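Note sheet for the following structure.
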Amino acid sequence: MKKDKKEYAAEIIRLLSKEYKKIKCPLDFYYPFELLVAVILSAQCTDERVNKVTKDLFKRYKSIKDYANADNEELQNYIRSAGFFRNKAKNIIGSAKMVLDCFNGEVPQTMEELLKLPGVARKTANVVLGTVFCKSEGIAVDTHVIRISNLLGLTKYSDPVKIEKDLMKAVARAHWIDFSFLIQTLGRRICKARNPDCISCPLNKICPSAK
């Protein structure tokens, strides 16, 4: 790669921002804990599917107390189509109880505290911190970011934690929140895993993997 990685990352962000304008979190929610629930559900599941699931879920469970007191089997039935529904239901109920018992009913606003919640890893914490609280403590790394960051040559790793470290070095902190959403949008619309449309890609002139 000829350019310095920081310059290269800045160019990627510039081109994607020009193409997609202002990108926001694709998950639907009304208050912070609902976003936490949505991101937990998004593991190994598309955002589109999650939004279909939460449409009915959020009507049934309207508060953190509702989730904390939820019947596990009933909750599983609501989220079954999101996959891994048993573990996700357990984590949602456990997180709700911990938010009520340990954080005065408020979703915590630090990475350290969020990571204490069941089912919450750095990706989930970064999405919640960035989207709800506008705090940049890291870069959310999902399957799109893993794959496309490697294609772009921003990292050589498959481990999300190592990828995040590489990206945090290359991407200016002011863009940590937007970067993930921009890459995810590119992955959903153009750079699809099975059939990437390199010809239409706004990064085709600078991407080392462009066909």
Side-chain angles (χ1 to χ4, degrees), residues 1-27 35-36 38-40 42-47 108-117 119-198 200-211:
M1 188 179 299
K2 294 181 179 180
K3 287 187 176 181
D4 172 86
K5 273 197 174 181
K6 289 185 177 181
E7 294 179 0
Y8 177 57
E11 182 69 359
I12 290 170
I13 293 166
R14 186 187 70 79
L15 291 170
L16 291 181
S17 296
K18 180 180 179 181
E19 181 73 16
Y20 300 128
K21 310 303 179 185
K22 183 63 178 177
I23 293 295
K24 64 177 184 177
C25 179
L27 297 171
L35 178 59
L36 183 69
V39 184
I40 289 174
S42 72
Q44 303 299 311
C45 183
T46 65
D47 295 333
Q109 298 187 31
T110 68
M111 176 68 70
E112 181 181 7
E113 290 174 326
L114 280 168
L115 292 179
K116 294 178 181 178
L117 300 178
V120 175
R122 286 191 62 89
K123 171 210 161 184
T124 301
N126 278 320
V127 173
V128 171
L129 287 171
T131 302
V132 177
F133 304 115
C134 298
K135 292 186 176 182
S136 301
E137 292 199 29
I139 295 175
V141 176
D142 70 348
T143 54
H144 290 299
V145 176
I146 290 172
R147 179 173 54 82
I148 296 175
S149 292
N150 272 274
L151 289 174
L152 289 169
L154 289 170
T155 187
K156 62 180 180 179
Y157 298 111
S158 59
D159 177 68
V161 175
K162 292 181 179 179
I163 291 173
E164 185 182 5
K165 288 181 179 178
D166 278 349
L167 294 178
M168 288 168 70
K169 292 176 184 177
V171 177
R173 187 165 189 154
H175 296 293
W176 283 2
I177 297 172
D178 290 341
F179 180 82
S180 292
F181 295 146
L182 288 169
I183 294 296
Q184 290 162 13
T185 302
L186 179 69
R188 285 192 295 269
R189 299 183 185 180
I190 300 292
C191 192
K192 300 178 181 180
R194 294 184 180 180
N195 187 31
D197 184 7
C198 292
S200 302
C201 181
L203 304 180
N204 59 14
K205 293 183 179 179
I206 63 172
C207 177
S209 301
K211 297 178 182 178

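What you see is a predicted model; the values in this text were computed from it and never measured.
Among all heavy-atom pairs drawn from L115 and A125, the shortest one is CD2-CB, 4.4 Å. Contact record, C198 with A210: SG-CA, 4.1 Å, taken as the closest heavy-atom pair. Minimum heavy-atom separation, P202 to L15: O-CD1, 3.8 Å. Nearest approach of A170 to A9, heavy atoms of both residues: O-CB, 3.5 Å. C207 and Y8 make their closest contact through CA-OH, 4.1 Å (heavy atoms, listed as atom of the first residue, atom of the second, distance). Here the shortest heavy-atom pairing between I139 and E164 reads N-OE2, 3.0 Å.
Side-chain contact annotation: D47 with Q184, donor-acceptor N/O pair under 3.5 Å absent. Side-chain contact annotation: T110 with K135, donor-acceptor N/O pair under 3.5 Å absent.
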Tell me, with the steps shown, if K123 and S42 meet side chain to side chain donor-acceptor pair (under 3.5 Å). CA-CA 11 Å; K123 171 210 161 184; S42 72; 3.1 Å; yes
Is there a salt bridge (charged side-chain N to carboxylate O under 4.0 Å, His left out) between E113 and K116 once you walk through the steps? CA-CA 5 Å; E113 290 174 326; K116 294 178 181 178; over 6 Å; no
Which is it for T131 and F181 under the side chain to side chain contact (heavy atoms under 4.5 Å, CB included) test, yes or no, and what are the steps along the way? CA-CA 10 Å; T131 302; F181 295 146; 3.5 Å; yes
Give the C-alpha distance, both sets of side-chain angles, the deciding distance and a yes or no for side chain to side chain contact (heavy atoms under 4.5 Å, CB included) between S209 and L152. CA-CA 7 Å; S209 301; L152 289 169; over 6 Å; no
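Atoms CG and CD1, from L203 and I190 in turn, are 10.0 Å apart once rounded to the nearest 0.5 Å. Taken to the nearest 0.5 Å, the OG1 atom of T185 stands 13.5 Å off from the NZ atom of K21. Separating the OG atom in S17 from the CG atom in L182 is a distance of 4.5 Å, to the nearest 0.5 Å. Within the model, atoms CD1 of I206 and CZ of R14 stand 8.5 Å from one another, a figure rounded to the nearest 0.5 Å. To the nearest 0.5 Å, the span separating CZ on R189 from CG on D197 amounts to 13.5 Å. Here I13 contributes atom CD1 and F179 contributes atom CZ; the two are 6.0 Å apart, rounded to the nearest 0.5 Å.
By the 4.5 Å heavy-atom criterion applied to side chains, N150 and I163 are counted as neighbours. Inter-residue side-chain proximity for V141 and V161 is flagged as unmet; no heavy-atom pair is nearer than 4.5 Å. Side-chain contact between H144 and S149 is absent, with no heavy-atom pair separated by less than 4.5 Å. Contact annotation: the side chain of L151 approaches that of C191 to within less than 4.5 Å [non-hydrogen atoms, C-beta and beyond]. Two residues are said to be in side-chain contact when any heavy atoms from C-beta on lie closer than 4.5 Å; L27 and L35 meet this criterion. Between D142 and I146, the closest side-chain pair of non-hydrogen atoms is not below 4.5 Å. Contact annotation: the side chain of K162 never approaches that of T155 to less than 4.5 Å [non-hydrogen atoms, C-beta and beyond]. Under the 4.5 Å side-chain criterion, counting only non-hydrogen atoms from C-beta, M111 is in contact with N126.
For the side-chain contact (heavy atoms from CB on, under 4.5 Å) test with I183, the passing option among I148, L154, I23 is I148; the others fail.
The backbone N or O of G153 sits nowhere less than 3.5 Å from a side-chain atom of K156 that would complete a donor-acceptor pair. Distance alone, capped at 3.5 Å, places no donor-acceptor pair between the T124 side chain and the I40 backbone. In this structure a side-chain-to-backbone donor-acceptor pair under 3.5 Å is missing from W176 to E137. Side-chain atoms of R173 come within 3.5 Å of backbone N or O of S136 as a donor-acceptor pair.
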